[in-house]
Amino acid sequence: MKLTKEQKAAHKAAFRTMSPADKLDYIMSYYKWPILLAAILLLILGSAAHRQLTKKEPVIYLALADVVAGEDLENALTEGFLRAEGANPGRQEVYLYRDLYLSDEADVLNHEYAYASRMKLMGAVQAQKLDVVLMNREAYDLLSASGYLLNLGEFVPDSDPIRALLTANAVVVSDNAIEWQLNVASSHERVTETVQNGLALSGCPLFLTAGFKEDVYAGVIANSPRPAEALRYLQYLSSDVRP
């Protein structure tokens with residue numbers, strides 16, 4: 001029911017004569033839900049504004065496949081590259097996929113983790129949110145054979161010193177394994193070609209003191225939408241920078 005002017009005035013006068021406790025009780029009795037809804041709305045808007053203000057833009061997406069980086073090396077791989085690029089660490093980042101385990105061993109737990117890692121990597125590739133991969137030899141062989149890696153022999157300029165670090169691996173061009181297993185084909189035929197799709201980094205200063213027991217390689221994902229940034233990252237990895 002709509003109040004008259006006289007009734008509104010009477011309510012205001014009565015409110016002014018109330019004690020602070022009575023005023024609070026009155027407000028909570030009649031305006032609790034509007035206040036609660038307004039508070040929730042402010043919380044949502046504040047959270048969205050905070051996320052927007054603190055959100056970092058990835059300069060490049062990096063994955064560690066069957067490679068574990070210590071704290072010093074990880075800082076060099078992320079914040080070190082940002083400093084070398086003159087980027088703002090408060091607003092930009094090297095987005096890092098850690099603990100991708102691609103090796104397919106006999107152990108069931110390892111097999112399941114490898115499958116989950118491959119699905120995560122495949123999703124990142126399809127979303128074009130993966131540019132460079134650091135990997136051991138086994139991961140390098142798997143990614144190369146699957147055609148994930150860019151041909152660096154054609155990608156790296158002839159005058160770039162990192163060409164001295166290029167290494168080649170096999171890429172599967174065709175494989176009738178499924179047809180052979182289903183007895184559709186009389187023999188298993190697997191055709192491969194050798195492509196320079198990796199960078200051997202074990203002798204570079206950044207990795208010499210990192211404590212790796214096996215060789216470390218870098219590759220660029222073939223569908224990376226950030227080729228210029230990926231090349232600069234390879235140049236950074238092979239430079240004289242140290243952890």
Side-chain angles (χ1 to χ4, degrees), residues 60-67 77 95-97 99-106 110-111 113-182 184-204 207 212 214-238:
I60 199 164
Y61 292 85
L62 171 68
L64 304 181
D66 290 67
V67 170
L77 294 174
Y95 192 95
L96 183 60
Y97 297 94
D99 304 324
L100 292 181
Y101 183 78
L102 305 182
S103 302
D104 193 1
E105 298 180 0
N110 286 339
H111 178 78
Y113 193 81
Y115 179 79
S117 293
R118 291 178 187 180
M119 291 301 99
K120 184 176 182 179
L121 184 140
M122 186 182 301
V125 171
Q126 290 179 346
Q128 294 190 323
K129 291 186 176 181
L130 183 54
D131 304 302
V132 177
V133 184
L134 282 180
M135 51 204 162
N136 70 354
R137 183 70 204 194
E138 188 169 3
Y140 177 29
D141 290 343
L142 287 168
L143 293 177
S144 176
S146 300
Y148 278 110
L149 302 179
L150 186 68
N151 185 339
L152 298 181
E154 298 177 353
F155 174 66
V156 178
D158 292 339
S159 58
D160 197 316
I162 69 173
R163 289 193 67 87
L165 302 176
L166 291 178
T167 184
N169 208 335
V171 177
V172 176
V173 177
S174 63
D175 190 340
N176 70 339
I178 296 178
E179 291 83 353
W180 179 61
Q181 292 170 1
L182 295 175
V184 176
S186 58
S187 61
H188 181 201
E189 297 180 0
R190 189 170 187 261
V191 180
T192 64
E193 64 177 1
T194 301
V195 176
Q196 288 182 310
N197 55 11
L199 216 63
L201 297 173
S202 298
C204 297
F207 300 93
F212 292 118
E214 52 187 340
D215 291 336
V216 179
Y217 302 88
V220 175
I221 296 299
N223 73 338
S224 168
R226 290 163 286 274
E229 291 83 354
L231 178 59
R232 292 201 303 273
Y233 197 79
L234 293 184
Q235 292 166 341
Y236 169 76
L237 293 178
S238 60

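All values reported here derive from a predicted model rather than from experimental measurement.
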Point-to-point distance, once rounded to the nearest 0.5 Å, from CG of Leu130 to CD1 of Ile221 | 4.5 Å
Check: Tyr101 and Asp66 side chains under 4.5 Å, non-hydrogen atoms = yes
Considering only heavy atoms from C-beta outward, does the side chain of Thr167 approach that of Tyr140 to under 4.5 Å?
-> yes
Inter-residue atom distance Gln126.CD - Leu121.CG, 0.5 Å rounding = 10.0 Å
Nearest heavy atoms of Ala65 and Ala139, plus distance in Å | O-CB, 3.7 Å
Within-4.5 Å side-chain heavy-atom neighbours: Glu193 and Val173 | yes
In this structure, NZ of Lys120 is separated from CG of Leu100 (nearest 0.5 Å) by 5.5 Å
Start with the C-alpha gap between Leu237 and Phe207, add the side-chain angles, then the distance that decides, and say whether side-chain contact (heavy atoms from CB on, under 4.5 Å) holds.
-> CA-CA 9 Å; Leu237 293 178; Phe207 300 93; 4.1 Å; yes
Heavy-atom closest pair (Leu102 atom, Leu142 atom, distance to 0.1 Å) is O-CD1, 3.4 Å
Over all atoms of both residues, closest heavy-atom pair of Cys204 and Ser238 = SG-CA, 3.8 Å
If you count the non-hydrogen atoms of other residues, nucleotides and ligands that lie under 6.0 Å from OH in Tyr97, is the total more than 12?
-> yes
Could you tell me whether the side chain of Arg163 and the main chain of Val156 form a donor-acceptor pair under 3.5 Å?
-> yes
Does any non-hydrogen side-chain atom of Asn169 lie less than 4.5 Å from one of Leu149?
-> no
Output for pair (Tyr233 OH, Asp131 CG), nearest 0.5 Å, gives 10.5 Å
Asn136 side chain reached by Phe212 side chain, heavy atoms, under 4.5 Å = no
Inter-residue atom distance Glu138.CD - Asp141.CG, 0.5 Å rounding | 7.5 Å
Between Gly219 and Met135, what is the shortest heavy-atom contact and its length?
-> N-CE, 3.5 Å
I would like to know whether Ile162 and Leu231 meet side-chain contact (heavy atoms from CB on, under 4.5 Å); could you show each step before the answer?
-> CA-CA 10 Å; Ile162 69 173; Leu231 178 59; 4.0 Å; yes
If you round to the nearest 0.5 Å, how far is CG of Leu64 from CG of Leu77?
-> 6.5 Å
Closest non-hydrogen atom pair between Leu201 and Ala218, with its separation | CD1-CB, 3.5 Å
Do Asn197 and Tyr148 have side-chain N/O donor and acceptor atoms under 3.5 Å apart?
-> no
All heavy atoms of Gln128 vs all of Asn223, minimum pair found to be NE2-O, 3.5 Å
